[in-house]
Amino acid sequence: WRFLPLLSVIALTLTGCGNEQLTTLLPKGEGSEMQFNLMMLSLYIMIGVFVVVALIYTIVLVRFRRRGESDNEIPEQTEGNVVLEILWTVVPIILLLILAVPTVMATFALDEGTEKVPEGATVVKVTAHQYWWEFEYPDLGVKTAQDLYIPSGERVYFELASKDVLHSFWVPTLGGKMDTNTATVNKMWLNAQEPGTYYGKCAELCGPAHALMDFKVIAQEKEDFEAWAESMKEASSQASTDQAAQGEEIFANSCIGCHAVGADGGNTGPNLTNFGDREKVAGILDHTDENIKAWIAKPSEFKPGNNMPAFEDQLNDEELNALVAYLNGLKVEE
Ligand code: CUA
């Protein structure tokens with residue numbers, strides 16, 4: 001008992017140290033709200049069952065305890081009790097039904113419309129890679145990575161697949177999660193009730209950098225989202241300074257085989273059309289010039305096991321600076 005205060009402090013600290021953006025307990029979307037309500041329902045039922053069992057247990061302990069030396073009689077022996085047996089069979093059945101019916105209903109609701117997407121809804125093809133996320137909008141002709149832009153206040157439909165191994169697409173505050181496979185396409189929808197930035201994670205062990213496979217969901221008002229998609233389509237890689245122009249040339253020689261800007265470039269690495277807008281480098285590092293340079297020089301230092309080659313021996317400091325200037329100029333947002 002002496003340690004109880006200490007234990008409660010530890011428990012409190014542990015619950016407080018997570019990013020509140022990565023909790024399922026503060027739902028910000030229709031799907032996560034359904035899931036949250038199911039969690040609370042089962043929690044209430046469990047508390048109810050616990051209280052009843054603990055109460056009976058305490059009563060039995062107190063009422064039938066041994067009373068002194070003289071209390072040595074064998075207690076009354078009972079062979080079954082029909083009423084009790086029916087009761088403890090029927091009550092759990094009812095409790096399980098109370099849990100099962102809403103769960104099955106929510107399961108179907110979370111799948112609603114994924115086979116035949118409603119007219120006009122936004123569809124995003126998600127492809128998971130070791131260790132980054134690719135987002136393609138087939139109806140809009142836009143492709144991006146790491147930052148997933150969606151319109152808020154409506155359901156957005158996802159087609160999920162993987163390029164290499166099993167990953168799992170999870171935005172705790174909005175809903176999910178759903179595995180991404182190589183052979184099949186999984187479908188789901190998410191809805192962000194309010195505009196905002198929501199954090200996503202890979203939720204399936206996929207290699208040494210699994211824990212670093214983060215992404216962001218940027219939910220915007222419909223017209224802002226449409227404007228974003230429009231500027232993504234029109235985005236060009238025009239360098240605005242001499243330094244950036246030098247960077248563009250390096251990019252065209254060293255990077256474009258894997259990374260695309262706009263429609264030009266390879267597909268094995270993240271699309272960089274709006275790299276300058278991203279808050280994070282590689283989904284995990286603060287967006288500073290130093291971090292970009294450090295990443296390009298030695299990516300596996302930050303994400304062990306990732307497929308990007310190190311450029312520390314191929315690019316000198318001046319070239320890295322030029323590349324950074326070019327990359328930071330890749331913006332579509334004002
Ligand atoms: Cu991808 Cu874990």
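All values below come from the heavy atoms of this structure, side chains included, with hydrogens, waters and symmetry mates left out. These numbers come from a predicted model, not from an experiment. The residues of the chain are indexed from 1 along the displayed sequence. Just follow the structure's listing: the first ligand is 1, and inside any ligand the first atom is 1.
Judged by distance alone, with hydrogens and angles left aside, the side-chain atoms of Gln146 form a donor-acceptor pair with the main-chain N or O of Trp133 at under 3.5 Å. Looking only at distances, a side-chain donor or acceptor of His287 sits under 3.5 Å from a matching main-chain atom of Arg278.
Checked against a 6.0 Å centroid threshold, the rings of Tyr149 and Tyr137 do not count as neighbours.
To the nearest 0.5 Å, the span separating NZ on Lys177 from SG on Cys202 amounts to 10.5 Å.
Counting only distances under 2.8 Å, and ignoring water, the protein N, O or S atoms around atom 1 (Cu) of ligand 1 are His167 ND1, Cys202 SG, Cys206 SG, Met213 SD.
Between Glu134 and Lys163 there is no salt bridge, since no side-chain nitrogen of the basic residue lies less than 4.0 Å from a carboxylate oxygen of the acidic one. Between Asp317 and Lys293 there is a salt bridge, since a side-chain N of the basic residue sits under 4.0 Å from a carboxylate O of the acidic one.
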